[in-house]
Amino acid sequence: MSEELSKAYEPGLVEDKWYAWWQERGLFHADPASPKPGYSIVIPPPNVTGVLTLGHVLNNTIQDILARHARQTGHEVLWLPGTDHAGIATQTVVERRLRKEEKKTRHDLGREEFLKRVWEWKEKHGGIIIKQLKKLGCSCDWERERFTMDEAYALKVQEVFVDLHTKGLIYRGKRMVNWCPVSLTALSDEEVIPKPQKGYLYHFKVEIVERPGTFLEIATTRPETIMGDTAVAVNPKDPRYREFIGLSVRRPLPLDGQAILPIIGDEAVEFEFGTGVLKVTPAHDKADYEIGLRHNLPVIDIMNPDGTLNDLAGEDFAGLDRFEARVEAVDKLRELGILVKEEPHENHVGFSERADVPVEPRLSEQWFLKYPKTQEARAAVRDHLIQFFPDRWEKVYDHWLENIQDWCISRQLWWGHRIPVWYPANAECGVGNAEVISAAGGGTSHSEFPIPNSEFLVSVESPGEGWVQDPDVLDTWFSSWLWAHETMEAAALKKFYPTSALVTGPDIIFFWVARMIMAGLEYTGEVPFRSVYFTGIIRDKQGRKMSKSLGNSPDPLDLIAKVGADGLRFGLLRIAPQGQDIKFDEQQIVEGRNFCNKLWNACRFRLMHGAVDPAADPSKHDLSIFARDLLAKLDATIQRVNEGYEAFRFSDIAQALYDFVWGDFCDRFIESAKADFDSPRRDGTLAVMDFTIQRILKLLHPYTPFITEELWSGLGFGPQSLMESPWPDAGNAAPEPRAEAVYGAVSLARNLRATYNVPANKRVAWQFTPSEDWVNREIPALSLFLHAESLIACDKAPAGSAACPTDIGILYLPLEGLVDPSAERSRLQAEVGKVEAEIEKVARKLSSESFVKNAPPAVVAEHRQRQQDWVARLAELQSAIQTLG
RNA sequence: GCACGGUUGGCGCAGUGGUAGCGCACCUCACUGACACUGAGGGGGUCGUAGGUUCGAACCCUACACCGUGCACCA
């Protein structure tokens, strides 16, 4: 950098340079052999083919801040980066492309060829988000970048499957699962998002076979499943219906296959809902399936995996989509004359998180996990072995674990960790569950070959000839729940595990955080992290979530191009209070840039007054009141910042630094310093400036690493990187109330100027009656602050001037010819009004007997003081009015 | 339905019992020896509603309203 800094900070010119330099010097690398205490973070692995969002920016900036702060406070830091394979998302993207470009499905290619294509896609696009994180300045240890499909990691995933199976925690079972008819795979409960849907409650009647002329009225939201009904249920305690239990009704649909259904009694039926009569469809409803089990009902599966109806639904319905079939079914009921009414009705329907379509409850053969260490995991958080920030998430976490259900871990996908289970190649592929009547004729599983219900072997290695592997893969989260420990080799584990902090969004508290805790406890015997910081969600100005379809999510790289990575980081962090959602507005990012520019120019100003002394020591100088005040504020700021890190209050830290740099350092200290350059104070003032700038750069570095490194080097604090510089200690410099008094007086005087509309560029010959001796020494600074033509001491009020009483004396603004006394009088009178109101307020309190009696003495004394001050102020104002004549 | 969070000037927020604050926006003035990505000044709020506790409430308690989130098999 040249002697002269450019007039404005230009981030584009310096960011890449410093990032490369940090990497060359190996500053991001974590050494397990280091004697320093360890500090570690594992990145929440983004989707390998994803692109950076503002959410990632927030999340990763916080991690970078923690990592850089930890390095400066003397830790050996590991920030371990990587990506995950995002099974469904990635496979869907590649399939869509295949369909578009080659008009083929994955089945056309076959498994092996298809997976080759996915890997190609990953190689081509997989690096994007990593490059973006680098642009943002993330100080990850890139030598340790991991991917959930890395060979070693994948092996671990399979070994864990085998292990949990051996322990009896993983089992295969035919159960009702959440089926996504678009992705054609089972999902876990967590991947189902209930959404309120406006629909209808359809009422239709069925005749009781044994009592012609007597009808039962049934209410349903899903008439398209009537063809799968195998019973009608009422509550045995319901006096309206209990007499019918044991009789039967005729199922109206399909027309070509009307069946006689039993009327059964089951306590699960609510009296109040609908008509109190429930149609029971065991194949297509979780609750109905349970009823079916209790009453040994047949299960008729009328749907294909893609959500269309099959032959069992009858010829009128076969081939129709489930929602078309609903319309058709209602028409049929109407034609039969048994549709009673359609009642508008809102209910919650589970949607597939990925495909955003209603999931279909579906009976299918899947692999399930009984979670390990659930009670230990609850205890770890309850007893604060793991600390949540904000702590309110503890309750959410605990509630989930308390009601935890087994986890469906198999997915009917190709992209992912294949289930390490083997079947004899010649095994008979039975239906598996004899009472299921299924049109497909095969198993109710899904993939290109039905899962045999024969013996199987669980093993990572193939048992050899004659065995075929289970076609399905594991849920992506079944691999990422090992992320905290399986990404590290033994030496790293020893040094860096358990990790120090996890930074993530509350939306994956169940998906990932809770499961990682269980996996950590199961496989390392320890919690995987000490602290979990949950960020807020970034929303747009109207409070909506950022989403691609809404087009309301700005590209972080565009923002970086506009304001620099530092501007983006600082701007975003300043408005991100702990765990609260953030309403994003680009203006706030611009403020981040402005702040960087302010800092830049303050340093530029310093350089204009000669070389910086990196070893500057303020204690060797006789300092001005302003310099002493600044040092006290610096100590207080360091204190505030340290407290912020303790409590993970990142916006507080940003705000503290913003206030100090802009307000205390630039607006006040630098302005006062301008009076010192031609005085004996010069050396002391420069020393304080150098001392303070050095600390500002250190304190700001975690938030704005690029500009601070550039200035650190440019001002001559190097040659070592700022990253390696130790964190500053907070001293306990005493505050300097005299500086505060001067600033207060300046503010009052400027106010007075403005009141008289004295233009900002007009220099004024002020007069002044200082109240104390020391004030005389500060006349040059005061004069500068006031932009005065002159500032001359006087004993009494000069004629024709406006008086401005302050804590350091009375300032007089000459008004000759400028203003008529009546304007000044009315101004003062207005001021008197305000002061009298304050006096009245205090007096009212003090005259209250109960206040004086009950309030703590210190509070009462403080009120008395306040009253005195206001009364004195009133006297000054009144005397000013008199002087005016 | 249950739980959690939010409700403070136009906007975004801080403020957990003792004189309502900050940033932006707005209005006025100014290119004074770093910075117009700037400086100076100003106006603007009965702290969601209704009760209660207290000498004193934005803050504590109780309801309610609205917004957001999570959980919940009422078809």
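Note that this is a predicted model, so its numbers are computed, not measured. Any value given below was found using the heavy atoms of this structure, including those in side chains, with hydrogens, waters and symmetry copies removed. Throughout, protein chains are lettered first and strands after them, A, B, ... in sequence-line order, and every chain is numbered starting at 1.
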Check your understanding: Using the benzene-type ring in the case of Trp, are the ring centres of A:Phe595 and A:Phe570 under 6.0 Å apart?
Key -> yes

Give A:Val280 one of three labels, base, sugar-phosphate or nothing, depending on what nucleic acid heavy atoms sit under 4.0 Å from its own. nothing

(Q) Distance check, P atoms only: B:A20 and B:C47, in whole angstrom units. (A) 11 Å

Report task. Determine the interatomic distance between P on B:G18 and the same-named atom on B:C60; round to the nearest Å. Result -> 12 Å

Out of B:A75, B:C37, B:C71, minimum distance to the side chain of A:Ala8 belongs to B:C37

- Using a 4.0 Å heavy-atom cut-off across all strands, classify A:His399 as base, sugar-phosphate, or nothing. sugar-phosphate

Under 6.0 Å between ring centres, would you say that holds for A:Phe510 and A:Tyr397?
-> no

Integer angstrom distance from the C1' of B:U8 to that of B:A14: 10 Å

Regarding A:Glu290, tell me which of base, sugar-phosphate or nothing describes its non-hydrogen contacts under 4.0 Å with the strands shown. nothing

Check: With rounding to whole Å, what would you report as the distance between B:U49 and B:C11 at their P atoms?
Finding: 15 Å

Those stems involving RNA chain B that have three or more consecutive Watson-Crick or G-U pairs, both distances under 3.5 Å, are B:1-7 with B:65-71, B:10-13 with B:21-24, B:26-30 with B:38-42, B:48-52 with B:60-64

Of B:C35, B:C74, B:C24, the nucleotide closest to the side chain of A:Glu270 is B:C74

Heavy-atom nearest pair, A:Glu224 first then A:Ile302, reads O-CD1, 3.5 Å

From CH2 of A:Trp400 across to P of B:A72 the rounded distance in Å is 10 Å

Of A:Phe605 and A:Asn594, the one whose closest nucleotide on RNA chain B sits nearer the 5' end is A:Phe605

Whether the side chain of A:Glu671 and the base of B:A34 hold a donor-acceptor pair under 3.5 Å is what I'd like checked. yes

Sorted by chain and residue number, the salt bridge (charged side-chain N to carboxylate O under 4.0 Å, His left out) partners of A:Glu346 (sequence neighbours excluded) come out as A:Lys198

In whole angstroms, the gap separating C1' of B:C74 from CZ of A:Arg222 amounts to 15 Å

Rounded to whole Å, CD1 of A:Ile670 lies from P of B:A34 at a distance of 10 Å

Each nucleotide of nucleotides 13-22 of chain B classed B (base within 4.0 Å of a protein heavy atom), S (only sugar-phosphate) or -, in 5' to 3' order, makes SSS--BBS-S

Rounded to whole Å, the CD1-C1' distance (A:Ile589 to B:C24) equals 13 Å

Closer than 3.5 angstrom, by distance alone: can the side chain of A:Asp266 be matched with the main-chain N or O of A:Val234 as a donor-acceptor pair?
no

### Message
Give me the distance, rounded to whole Å, that separates B:G23 from B:C61 when you measure between the P atoms they each carry.
### Response
31 Å

Measuring only the P atom in each nucleotide, how far is B:G48 from B:C13? A whole number of Å is fine.
14 Å

Between the base of B:A75 and the side chain of A:Lys286, is there a donor-acceptor distance below 3.5 Å? no

* To do: Determine the contact category for A:Asp507: base if any of its heavy atoms lies under 4.0 Å from a base atom, sugar-phosphate if only primed atoms, P, OP1 or OP2 are that close, otherwise nothing.
  => nothing

- Message: Taking 4.0 Å as the cut-off, does a side-chain nitrogen or oxygen of A:Lys395 come that near to OP1 or OP2 on B:C4?
- Response: yes

Rounded to whole Å, CZ of A:Arg294 lies from C1' of B:C73 at a distance of 11 Å

Between A:Glu217 and A:Arg240, does any NZ, NE, NH1 or NH2 come within less than 4.0 Å of an OD or OE carboxylate oxygen?
no

A:Glu402 CD to B:A72 P, in whole Å, measures 12 Å

For A:Asp189, the salt bridge (charged side-chain N to carboxylate O under 4.0 Å, His left out) test, sequence neighbours excluded, returns none

Query raised in the report: So, A:Lys853 versus A:Ser848: side-chain donor-acceptor pair below 3.5 Å or not?
Result: no

Check your understanding: Does the pair A:Arg649/A:Glu643 count as a salt bridge with the N-to-O cut at 4.0 Å?
Key -> no

Please classify the nucleic acid contact of A:Cys603 as base, sugar-phosphate, or nothing, using heavy-atom distances under 4.0 Å.
nothing

Quick one, A:Glu710 with A:Trp600, criterion side chain to side chain donor-acceptor pair (under 3.5 Å). Give me CA distance, side-chain angles, the key distance, then yes/no.
CA-CA 10 Å; A:Glu710 172 78 5; A:Trp600 180 262; over 6 Å; no

Once base and sugar-phosphate atoms are separated, protein heavy atoms under 4.0 Å mark nucleotides 39-48 of chain B, 5' to 3', with B, S and - as SSSS------

Between B:C73 and B:C22, how far apart are the two C1' atoms, rounded to whole Å?
49 Å

Q. Would you say the side-chain atoms of A:Gln588 and A:Arg574 include a donor-acceptor pair closer than 3.5 Å?
A. no

Whole-Å distance, A:Arg604 CZ to B:U38 C1', equals 12 Å

Separation of B:C71 atom C1' from A:Asp189 atom CG, nearest Å, is 12 Å

* Counting any heavy atom closer than 4.0 Å, what does A:Lys279 reach on the DNA or RNA strands: base, sugar-phosphate only, or nothing? -> nothing

Side chain to side chain donor-acceptor pair (under 3.5 Å) filter on A:Glu267, not counting sequence neighbours, yields A:Lys237

Open item on the list: Regarding A:Phe677, tell me which of base, sugar-phosphate or nothing describes its non-hydrogen contacts under 4.0 Å with the strands shown.
Closed with: nothing

Would you say the side chain of A:Asn347 lies within less than 4.5 Å of the side chain of A:Gln197, judging by non-hydrogen atoms? yes

Using the P atom as the reference point in each nucleotide, state the distance between B:A72 and B:U54 in Å, no decimals. 43 Å

Shortest non-hydrogen pair, A:Leu784 vs A:Ala675, comes out as CD2-N, 3.8 Å

